[in-house]
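Note sheet for the following structure.
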Amino acid sequence: MSKKKQQEFVKEITPMEEDFSQWYTDVILKTDLVDYAPVKGCMVIKPYGYGIWEGIQRVMDRRFKETGHKNAYFPLLIPESYLKKEADHFEGFAPEVLWVTHGGNEKLAERLFIRPTSETIICSMYSKWVQSYRDLPVLINQWCNVVRWEKTTRPFLRTAEFLWQEGHTVHATPEEAQEETMQMLEVYRQVAEDELAMPVLLGQKSDKEKFAGADRTYTMEAMMHDGKALQAGTSHNLGQHFSKMFDIKYLDKDGELKFGWSTSWGTSTRLIGGIIMTHGDNRGLVMPPRVAPTQVVIVPIASHKEGVLDKAYEIKKQLQNDFRLELDNRENYSPGWKFNEWEMKGVPVRLEIGPKDIEQNQVTLFRRDKLEKFTASMDNLNETIANLLDDIHMTMFNNALKNREEKTSITTDYEEFKTLMVEKPGFVKTMWCGSRACEDKMKEDTNATIRCMPFDQTPVGDKCMMCGGEAKHVVYVAKAY
RNA sequence: CUGGGUAUAGCGCAGCUUGGUAGCGCGCUUGAAUGGGGUUCAAGAGGUCGCAGGUUCAAAUCCUGUUACCCAGACCA
């Protein structure tokens with residue numbers, strides 16, 4: 001494509017180097033992922049955006065089932081008294097809870113709140129269901145919406161209402177609960193890296209950053225194109241806080257009545273924001289093939305000529321059982337227009353079929369990640385495309401990993417750190433003494449936060465970067481969404 | 001919650017300073033040609049100017065209030 005043409009095309013999307021926020025907004029609106037809704041902070045997820053969510057659900061739910069979990073559904077509305085049972089939890093969520101006060105014209109005897117998360121209602125039900133050690137473990141997940149009345153919202157990254165999954169389990173021992181917490185973090189890692197091609201750092205949250213009411217919170221953190229980190233999923237070991245508050249007790253083998261040990265873990269439509277900001281470029285979206293709503297788009301060329309459309313349909317029939325695909329037979333758009341549109345929408349593979357291809361028993365393929373065009377034989381087409389999609393996944397993952405590595409610095413010098421946060425935003429791997437004071441100071445000075453204490457604790461120094469005291473933890477620090 | 005900005009056709013905008021018939025581009029509809037990287041021509045449709053008051057013979061335009069959204073912070077997935 002000529003430079004001029006490319007510039008004309010790209011003018012619809014603000015270049016990310018110029019204004020990353022605007023780039024993000026342009027992309028999500030112009031690719032038909034979402035539309036703004038009439039209520040503040042709420043978004044409509046349009047079919048193409050929802051298709052991504054369905055893809056995520058598909059690959060994640062499969063792993064939930066494989067690890068022994070079942071889906072259920074709990075109510076949207078929860079009585080006010082439930083929220084108050086766990087003090088830390090209440091303190092954490094109360095400021096952003098949305099209240100229901102009236103039924104019709106009548107004021108409710110007890111206010112209800114719309115779930116910002118479901119620990120309270122689910123644990124209260126578990127206390128009825130759990131009687132014996134034979135009832136454990138309870139391994140339940142739910143796919144649902146939650147509402148958090150946030151001050152500032154951005155489509156996918158932070159909306160007042162969002163879709164997510166929340167797993168809630170109860171176990172007989174702390175060891176089992178810990179094992180479950182780590183297992184689900186690993187499931188999340190697999191989804192992020194093996195399905196979304198989005199590399200993540202795994203680790204534990206500091207006390208300051210952990211979930212309200214958890215003993216320990218583990219997280220996966222991804223790096224976006226603008227150098228900001230995205231918390232992409234969390235897994236919490238809730239200890240006995242909730243089982244004690246909600247009275248989840250079981251009679252053990254030894255005849256003693258004991259409190260259960262619980263976990264919860266969640267990922268949300270925020271992952272879609274992560275996909276956009278991990279892989280997207282100045283031409284728009286780049287969809288990871290394994291969750292792409294459309295993996296292959298067939299664009300017939302000169303479709304009015306005899307045999308072209310027939311061949312396109314024939315290819316569609318041949319491929320449609322193996323791939324999510326679309327045949328773009330719209331009459332009123334030129335091929336060039338269609339190319340640009342599907343590239344903007346990030347469809348991994350475009351298949352062009354025209355008179356010249358038919359003559360030579362070939363198709364023309366285009367891969368979105370590398371913007372490369374080439375021809376392939378009509379024979380073994382399914383296999384060719386399957387391999388191509390795998391290669392695209394790998395290439396995307398490696399690019400994202402390379403990007404993260406380029407955006408990761410190591411330092412234990414606080415002045416250098418402050419400069420880095422301004423001049424080279426990204427992760428900084430450093431040492432921390434473990435005190436809240438140092439954590440707060442860093443946030444105040446730079447707006448960066450400790451994203452996690454990675455599992456690999458090989459030291460990169462022996463003194464805390466902030467106070468110079470004895471270092472206790474290796475940490476990754478970054479500004480975050 | 002703090003600071004800044006915006007609201008006029010589906011989308012992007014002009015018009016407002018200085019009140020007087022509602023404009024442009026894209027998109028949309030119809031027809032024809034075109035078709036391997038955002039095609040071309042012709043003819044059309046479409047808006048109580050965010051909402052509520054006020055001033056005026058007359059308000060998109062001036063005044064008051066209000067709501068929503070966007071951006072940047074602080075807070076959170």
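Considering A:Ile272, A:Ile45, A:Ile276 in turn, A:Ile272 is the only one that fulfils the side-chain contact (heavy atoms from CB on, under 4.5 Å) rule with A:Ile52.
There is a side-chain donor-acceptor pair under 3.5 Å between A:Thr263 and A:Thr169. There is no side-chain donor-acceptor pair under 3.5 Å between A:Asp215 and A:Asn237. Between A:Glu180 and A:Gln183, the side chains place a donor N or O and an acceptor N or O closer than 3.5 Å (distance only, hydrogens not considered). When only modelled atom types and interatomic distance are considered, A:Glu17 and A:Asn282 share a side-chain donor-acceptor pair under 3.5 Å. Defined by atom type and a distance below 3.5 Å, a donor-acceptor pair is present between the side-chain atoms of A:Thr395 and A:Arg367. Residues A:Trp432 and A:Thr430 have side chains that never bring a donor and an acceptor to within less than 3.5 angstrom of each other.
Rounded to whole Å, the P atom of B:rC28 lies 43 Å from the corresponding atom of B:rG54. B:rC13 and B:rC71: their P atoms are spaced 14 Å apart (whole Å). Distance check on atom P: B:rA68 versus B:rA52 gives 16 Å, rounded to whole Å. Taking atom C1' on both nucleotides, B:rC62 is separated from B:rC16 by 10 Å, rounded to a whole Å. Taking atom C1' in both B:rG12 and B:rA7, one finds a spacing of 14 Å when rounded to whole Å. Separating the C1' atom of B:rU29 from that of B:rC51 is a span of 32 Å, rounded to the nearest Å. As rounded to the nearest Å, B:rA60 and B:rG50 have P atoms that lie 10 Å from one another. Between B:rA14 and B:rU6, the two C1' atoms lie 15 Å apart (nearest whole Å).
Heavy-atom distances to RNA chain B give each of A:Gln231 and A:Phe366 a nearest nucleotide, and the one nearer the 5′ end belongs to A:Phe366. Two residues, A:Cys42 and A:Phe93, neighbour RNA chain B, and the one matched to the more 5' nucleotide by heavy-atom proximity is A:Cys42.
At a cut-off of 3.5 angstrom, counting only N and O atoms as typed in the model, there is a donor on one side and an acceptor on the other between the side-chain of A:Thr152 and the base of B:rA74.
Pairing for B:rU17 is absent, judged as Watson-Crick or G-U wobble with the two contacts each under 3.5 Å. Nucleotide B:rA32 is matched to B:rU40 when pairs are restricted to Watson-Crick or G-U wobble geometry with both distances under 3.5 angstrom. In this entry B:rU66 has B:rG50 as its Watson-Crick or G-U wobble partner, both defining distances falling under 3.5 Å. Both distances falling under 3.5 Å, in either a Watson-Crick or a G-U wobble arrangement, occur for no nucleotide opposite B:rG27. In this structure, B:rA45 makes no Watson-Crick or G-U wobble pair, since no nucleotide meets both defining distances under 3.5 angstrom. Look at B:rC1: its Watson-Crick or wobble partner, with both distances under 3.5 angstrom, is B:rG73.
Geometrically, A:Lys228 engages A:Tyr481 in a cation-pi contact, judged by NZ or CZ lying under 6.0 Å from the ring centre and within 45° of the ring axis. Relative to the ring axis of A:Tyr476, A:Arg451 does not place its NZ or CZ within 45° and under 6.0 Å from the centre.
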Between the protein and nucleotides 28-36 of chain B, list the N/O to N/O atom pairs that are separated by less than 3.5 angstrom.
{"from": "B:rC28", "atom 1": "OP1", "to": "A:Tyr333", "atom 2": "OH", "distance (Å)": "3.1"}
{"from": "B:rG35", "atom 1": "O2'", "to": "A:Ala302", "atom 2": "N", "distance (Å)": "3.1"}
{"from": "B:rG35", "atom 1": "N7", "to": "A:His304", "atom 2": "ND1", "distance (Å)": "3.1"}
{"from": "B:rG35", "atom 1": "N7", "to": "A:His304", "atom 2": "NE2", "distance (Å)": "3.4"}
{"from": "B:rG35", "atom 1": "O6", "to": "A:His304", "atom 2": "ND1", "distance (Å)": "3.4"}
{"from": "B:rG35", "atom 1": "N2", "to": "A:Glu331", "atom 2": "O", "distance (Å)": "3.3"}
{"from": "B:rG36", "atom 1": "N7", "to": "A:Lys356", "atom 2": "NZ", "distance (Å)": "3.4"}
{"from": "B:rG36", "atom 1": "O6", "to": "A:Gly354", "atom 2": "O", "distance (Å)": "3.4"}
{"from": "B:rG36", "atom 1": "O6", "to": "A:Pro355", "atom 2": "N", "distance (Å)": "3.4"}
{"from": "B:rG36", "atom 1": "O6", "to": "A:Lys356", "atom 2": "N", "distance (Å)": "2.7"}
{"from": "B:rG36", "atom 1": "O6", "to": "A:Asp357", "atom 2": "N", "distance (Å)": "3.1"}
{"from": "B:rG36", "atom 1": "O6", "to": "A:Asp357", "atom 2": "OD2", "distance (Å)": "3.4"}
{"from": "B:rG36", "atom 1": "N1", "to": "A:Asp357", "atom 2": "OD2", "distance (Å)": "2.4"}
{"from": "B:rG36", "atom 1": "N2", "to": "A:Glu352", "atom 2": "OE1", "distance (Å)": "2.9"}
{"from": "B:rG36", "atom 1": "N2", "to": "A:Asp357", "atom 2": "OD2", "distance (Å)": "3.1"}
{"from": "B:rG36", "atom 1": "N2", "to": "A:Thr364", "atom 2": "OG1", "distance (Å)": "3.0"}

Show the distances under 3.5 angstrom between N or O atoms of the protein and N or O atoms of nucleotides 40-47 of chain B.
none

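Within 6.0 Å of the CD atom in A:Gln318, the count of heavy atoms belonging to other residues, nucleotides or ligands exceeds 12.
At whole-Å resolution of the value, CG in A:Asp19 and P in B:rC70 are 15 Å apart. To the nearest angstrom, P of B:rC71 lies 18 Å from NZ of A:Lys151. Residue A:Tyr36 contributes atom OH, which lies 7 Å from atom C1' of B:rC70 at whole-angstrom precision. One interatomic measurement links the two molecules: CG of A:Asp32 to C1' of B:rG10, which rounds to 12 Å at whole-angstrom precision. As a whole-Å value, the separation of A:Ile13 CD1 from B:rC11 P is 19 Å. B:rC71 atom C1' lies 17 Å from atom CH2 of A:Trp23, rounded to whole Å. Regarding A:Trp149, its CH2 atom lies at a distance of 12 Å from the P atom of B:rC1, rounded to whole Å. Remark: C1' of B:rC71 and CG of A:Asp26 are 13 Å apart, rounded to the nearest angstrom.
A:Leu230 comes within 4.0 angstrom of nothing in the nucleic acid, heavy atoms only. Residue-level contact check: A:Glu96 touches the backbone only, with heavy atoms under 4.0 Å from sugar-phosphate atoms and none from bases. Residue contacts for A:Gly41: at a heavy-atom cut-off of 4.0 Å it reaches the sugar-phosphate backbone alone, with no base atom in range. Using a 4.0 Å heavy-atom cutoff across all strands shown, A:Thr159 reaches at least one base atom of the nucleic acid. Within the nucleic acid shown, A:Ser21 comes within 4.0 Å of sugar-phosphate atoms alone, with no base atom in reach, counting heavy atoms only. Among the heavy atoms of the strands, none lies under 4.0 Å from A:Phe211.
Residues from residues 436-450 of chain A placing a heavy atom under 4.0 Å of any atom in RNA chain B, listed by number, are A:Lys443, A:Asn447.
Distances shown here put a side-chain N or O of A:Arg154 below 4.0 Å from the OP1 or OP2 atom of B:rC71.
Ring orientation note: the planes of A:Trp23 and A:His225 are nearly perpendicular, at an angle over 60° on the 30°/60° scale. Ring geometry for A:Trp53 against A:Trp143 counts as perpendicular: the plane angle is over 60°, on a 0 to 90° scale with 30° as the lower cut.
In terms of the side-chain contact (heavy atoms from CB on, under 4.5 Å) criterion, residue partners of A:Asp379 (sequence neighbours excluded) are, by chain and number, A:Asn361, A:Ser377. Legend: residues meeting side-chain contact (heavy atoms from CB on, under 4.5 Å) with A:Lys210, ordered by chain and number and at least two apart, are A:Lys205, A:Asp207, A:Thr217.
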All N/O donor-acceptor pairs, side-chain side in residues 287-301 of chain A, below 3.5 Å, sequence neighbours left out:
{"from": "A:Arg290", "atom 1": "NH1", "to": "A:Asp194", "atom 2": "O", "distance (Å)": "2.7"}
{"from": "A:Arg290", "atom 1": "NH1", "to": "A:His393", "atom 2": "NE2", "distance (Å)": "3.3"}
{"from": "A:Arg290", "atom 1": "NH2", "to": "A:Asp390", "atom 2": "OD1", "distance (Å)": "3.1"}
{"from": "A:Thr294", "atom 1": "OG1", "to": "A:Glu326", "atom 2": "OE1", "distance (Å)": "3.4"}
{"from": "A:Gln295", "atom 1": "OE1", "to": "A:Arg324", "atom 2": "N", "distance (Å)": "2.9"}
{"from": "A:Gln295", "atom 1": "NE2", "to": "A:Pro289", "atom 2": "O", "distance (Å)": "3.0"}

